[in-house]
Amino acid sequence: MELRQLSYFVAVAEELHFGRAAAKVRIAQPALSNHVQALERELGCALFIRSTRRVELTRAGEIFHERCVGILSEVDLSAEITRAVAGKTIRQIRIGTVYPATTGVLPAFLSKIARKYPDIRIHISSGNTGDIIRGLENGQINLGFIRPVENIGSLRFSSIAHERYLLAVARTNRLADQAEISIDDLRPERIIAFNRQNLSYTERYFNEKFEEYDLTRNIAYSCDDTYSLVSLVSAGLGIGFAPEWTEGLPNRAFELKAVRGIDFRIGLGVAWNKEDPTASRDDIVDIARSLARPGR
């Protein structure tokens with residue numbers, strides 16, 4: 001069993017498509033298939049369920065994928081430790097980012113990194129805070145721009161920005177032209193609320209506010225992400241509270257309005273694994289911290 005076979009298997013497991021996986025690891029698709037089949041023969045079990053319509057992991061494949069990710073991460077970690085001990089400068093940094101950071105602090109961060117480390121290779125992946133935290137924990141990501149969480153485990157977190165949640169209303173809504181909006185103005189409206197799989201601090205805050213002001217019965221639609229919320233608002237189906245970064249969305253068909261009695265701010269920060277041995281990591285963290293700005 002070879003490391004390259006494990007990396008090929010992981011690529012297919014993550015893409016669930018042999019063609020895309022082959023392009024990702026820069027190998028011909030027939031050769032990739034041969035490597036995966038050789039791996040299955042050596043293990044004595046199928047790792048994928050293949051059909052003409054899709055590719056799925058078997059239960060054995062799911063377990064093997066989890067183990068392979070850990071093995072490959074440990075190999076990368078060992079290489080980074082060796083380079084750091086030898087005094088070698090960082091060669092690559094892998095960054096995970098939530099969307100608000102991608103359009104906000106990330107460009108300034110990348111500009112500073114490129115000036116200080118002109119030869120560095122940078123890989124950026126976008127995702128939600130939970131995915132990025134898992135990437136930091138298993139060594140697949142060196143630095144993450146995330147929302148704050150109540151329990152970040154062994155990771156380190158430094159806050160760099162805060163932004164308000166404001167009421168998103170369609171431009172055709174009567175509230176769009178009001179200079180001031182009170183809680184009572186919301187009573188005739190249908191409300192769009194977050195309903196995520198894991199209860200977030202944001203969701204808890206607004207659920208409590210809706211209950212406090214007897215607005216829970218007004219909730220007509222629910223969603224689990226900000227894009228869905230502003231889509232429902234833009235369609236004129238209701239109103240909902242959204243973070244300020246949505247003001248920069250292209251072709252925006254809604255307005256953001258402050259509401260008296262609602263004062264909620266959400267943070268954005270940089271997270272890293274204290275065990276990450278990436279050379280010059282502290283310098284990189286300091287650059288990210290330097291982007292800190294006061295809340296609006």
Side-chain angles (χ1 to χ4, degrees), residues 7 11 14-15 20 23-26 69 72-73 76-77 79-81 83-84 87-149 152 155-164 225-227 230 242-252 265-296:
S7 64
E14 292 177 349
E15 296 292 335
R20 290 195 298 268
K24 183 177 181 179
V25 296
R26 297 182 175 86
V69 168
L72 294 173
S73 294
D76 289 341
L77 190 62
E80 293 293 347
I81 290 174
R83 283 194 287 267
K88 300 296 183 180
T89 57
I90 186 170
R91 299 195 309 179
Q92 177 177 339
I93 181 171
R94 294 159 297 193
I95 302 168
T97 175
V98 294
Y99 182 81
T102 304
T103 58
V105 299
L106 187 61
F109 173 75
L110 295 176
S111 177
K112 290 186 176 185
I113 287 292
R115 286 197 298 269
K116 184 162 187 177
Y117 301 102
D119 298 324
I120 197 172
R121 290 180 297 167
I122 299 175
H123 177 75
I124 300 170
S125 58
S126 60
N128 59 46
T129 293
D131 291 338
I132 294 170
I133 287 175
R134 284 189 288 274
L136 290 167
E137 289 174 337
N138 63 32
Q140 291 185 307
I141 296 174
N142 302 116
L143 197 72
F145 289 95
I146 64 171
R147 294 298 193 188
V149 295
I152 202 167
L155 302 181
R156 293 291 180 262
F157 178 83
S158 181
S159 178
I160 58 178
H162 289 84
E163 61 181 337
R164 297 177 296 168
D225 67 274
T226 300
Y227 286 114
V230 297
E244 283 181 291
W245 64 262
T246 58
E247 192 171 20
L249 289 174
N251 303 315
R252 180 167 53 90
R265 286 172 168 77
I266 189 168
L268 179 70
V270 59
W272 66 97
N273 193 329
K274 65 179 182 179
E275 304 299 332
D276 185 347
T278 304
S280 304
R281 176 181 52 79
D282 290 340
D283 287 345
I284 290 172
V285 170
D286 288 341
I287 290 173
R289 284 170 163 167
S290 73
L291 304 174
R293 60 176 187 264
R296 287 179 282 185

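When a residue number appears, it is its place in the shown sequence, counting from 1. A quick note: this is a predicted structure, and the numbers were derived from the prediction, not measured.
Counting heavy atoms from C-beta on, the side chains of L106 and F145 come closer than 4.5 Å. Contact annotation: the side chain of I122 approaches that of I120 to within less than 4.5 Å [non-hydrogen atoms, C-beta and beyond]. When side chains are defined from C-beta on, Q140 does not count as touching S125, because their heavy atoms never get closer than 4.5 Å. Side-chain contact between H162 and I266 is absent, with no heavy atoms from C-beta onward closer than 4.5 Å. Contact of the V270 side chain with the L291 side chain is not registered, since no non-hydrogen atoms from C-beta on lie closer than 4.5 Å. Inter-residue side-chain proximity for I93 and Y117 is flagged as unmet; no heavy-atom pair is nearer than 4.5 Å. A 4.5 Å side-chain heavy-atom check between L143 and F109 finds at least one atom pair inside the cut-off.
Of all heavy-atom pairs between L268 and P148, the closest is N-CD, 4.1 Å. Of all heavy-atom pairs between A11 and V25, the closest is CB-CG1, 3.6 Å. When all heavy atoms of I132 and G96 are compared, the closest pair comes out as CD1-C, 3.6 Å. Here the shortest heavy-atom pairing between P107 and A101 reads CD-O, 4.2 Å. Pairing each heavy atom of P243 with each of T226, the nearest pair is CD-CG2, 3.8 Å. Residue L136 comes nearest to N273 through the heavy atom pair O-ND2, 3.2 Å, listed as atom of the first residue, atom of the second, then distance.
Between the side chain of N138 and the main chain of R134, a donor-acceptor pair closer than 3.5 Å is present. Between the R20 side chain and the E15 main chain, a donor and an acceptor come within less than 3.5 Å of each other. Under the 3.5 Å distance criterion, the side-chain polar atoms of S290 are matched with a main-chain donor or acceptor of I287.
T97 and S126 are not linked by any side-chain donor-acceptor pair at a separation below 3.5 angstrom, with hydrogens and angles left out of the test.
Taking CD1 of I160 as the start and CZ of R289 as the end, the distance is 11.0 Å to the nearest 0.5 Å. One distance of note links CZ of R94 with CD1 of I124; it measures 13.5 Å at 0.5 Å rounding.
Salt bridge annotation for E247-R164: absent, with no cationic side-chain nitrogen under 4.0 angstrom from a carboxylate oxygen.
Tested against I95, the residues N142, T102, L110 include a single side chain to side chain contact (heavy atoms under 4.5 Å, CB included) partner, L110.
Residues forming a ring pair (Phe, Tyr, Trp, His ring centres under 6.0 Å) with Y227 (at least two apart in sequence, or on another chain): Y99, W245.
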Inset, instruction - For R147 and E163, run salt bridge (Lys or Arg N to Asp or Glu O under 4.0 Å): C-alpha distance rounded to whole Å, both residues' side-chain angles, the deciding distance at 0.1 Å, then the answer. - result: CA-CA 11 Å; R147 294 298 193 188; E163 61 181 337; 2.8 Å; yes
